[in-house]
Amino acid sequence: MKTWRTLTLALGLAAALSAQQFKFNLDHLAAKASDTVDLSLNGATLQFAAKFLDSKDPDESKVKKLIAGLDGIYIRTFEFKRAGEWTEADLEVIRKQLRSPEWSRIVGVKSSQDGETDEIYMRNENKKITGLAILAAEPKEITVVHIAGPVDLDSLAELGGHLGIPKVEIGKQK
Amino acid sequence: MDRLEQELKAALGRKDPPAGFAERVLREAARAPARGTALPQRNRPWPRWLAAAAAVVLCAGAGLGYRQYRGEVARQQVMQAFRIASVKVNHIQTHVREVER
């Protein structure tokens, strides 16, 4: 009886943990894409990797601080052979999974000239930021990034200037 | 009986041992080490505990090496993930700036 109780508890815990992971259904894009890149790093992998990040290296030191409280980073990139293989309806399927009240869009840019759509969503729970999602669509490529965990906007902005990328400022008024 | 047979018979014929042969054999046998006695140090095989210890050290070394390899792969994946995320965030920020102009 005690064993069953422990097993049930473990299964419940596992279910709760898996719920925090990448749960966007992107199968509709995978079916159309010619190439798919899937980079999934759960919390355990992030904390394991943190042990191997060099604190003396400025880039790695910054990343080490950023991943300290994260539950996971999940990235999927879909590449298409020709422009027009994905439609607005495909993006809408993703947007439906980023619904309020948990998710809210903080940035949305659409360029008809370049045929690009870029959106950033924040996940809030109990007035705390618990996740970030990036949807970046180009004519031949769609990338979905999900950072699970308490993402600090300032820390995210500090990503710029590191990793060889110019500094960016998000959510800050000029 | 030809000549060859005669020579063979002479060569292989029974002969008595020289005088004192038996005594010499017994004396040499008494001087040889008895079966089961210790071998010289350099001919002794490794003791079992040393072989087991060596196996443990080898396994531990292999385990540490594998852990290091996994860690390095995880480190590279994390850096790659942040690189992609940063590129996208920067790209979006550039678009936002363009729209604001």
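Letters A, B, ... are given to chains in the order of the sequence lines, protein chains preceding strands, and every chain is numbered from 1.
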Exercise. Check whether A:Q47 gets within reach of chain B through its side chain, its backbone, both or neither, counting any heavy atom under 4.5 Å.
Key: neither
Exercise. Take A:K51 and B:R75 through the side-chain contact (heavy atoms from CB on, under 4.5 Å) test and state the conclusion after the steps.
Key: CA-CA 9 Å; A:K51 294 175 185 173; B:R75 186 189 69 82; over 6 Å; no
Self-check item: Pairwise side-chain contact, B:Q76 with A:F52, heavy-atom cut-off 4.5 Å (strictly under)
Solution: no
Quiz prompt | Same apolar cluster: A:L41 and A:V37, side chain cutoff 4.5 Å | solution = no
Self-check item: Same apolar cluster: B:Y69 and B:L64, side chain cutoff 4.5 Å
Solution: no
Quiz item: Should B:M79 and B:V73 be regarded as members of a common hydrophobic cluster, given that ILVMFWY residues are connected when their side-chain heavy atoms come within less than 4.5 Å of each other, either directly or indirectly?
Solution: no
Quiz item: Can you tell me if NZ on A:K110 sees more than 12 non-hydrogen neighbours from other groups inside 6.0 Å?
Solution: no
Quiz item: Roughly how far, to the nearest 0.5 Å, is CZ of B:F82 from CD1 of A:I75?
Solution: 8.5 Å
Self-check item: Under 4.5 Å from any heavy atom of chain B - which part of A:D114
Solution: side chain
Quiz item: Do you reckon A:F24 sits in the same ILVMFWY cluster as A:L135, going by side-chain contacts under 4.5 Å, direct or chained?
Solution: yes
Exercise. Residue by residue, scan residues 18-28 of chain B and write down, ordered by number, those that have a heavy-atom distance under 4.5 Å to chain A; if none do, write 'none'.
Key: none
Quiz item: Going from CD1 on A:I120 to CD1 on B:I92, what distance comes out if it is rounded to the nearest 0.5 angstrom?
Solution: 4.0 Å
Quiz item: Picking from A:T77, A:I134, A:L53, A:L46, which has the most non-hydrogen pairs under 4.5 angstrom with chain B?
Solution: A:L53
Quiz item: Between B:Q68 and chain A, which part of the residue has a heavy atom less than 4.5 Å away: side chain, backbone, both or neither?
Solution: both
Practice problem: Kindly give the heavy-atom pair with the smallest separation between B:A74 and A:F48, and that separation in Å. | Solution: CB-CD2, 4.2 Å
Quiz prompt | Least distance between heavy atoms, A:V145 atom then B:A85 atom | solution = CG1-CB, 4.3 Å
Exercise. Using a heavy-atom cutoff of under 4.5 Å, enumerate the residues of residues 48-57 of chain B that contact chain A, numbered in order, or state 'none'.
Key: none
Quiz item: Can you get from A:L39 to A:L70 by hopping between Ile, Leu, Val, Met, Phe, Trp and Tyr side chains that sit under 4.5 Å apart?
Solution: yes
Quiz item: In terms of side-chain geometry, is the basic nitrogen of B:K88 or A:E116 positioned less than 4.0 Å from the acidic oxygen of its partner?
Solution: no
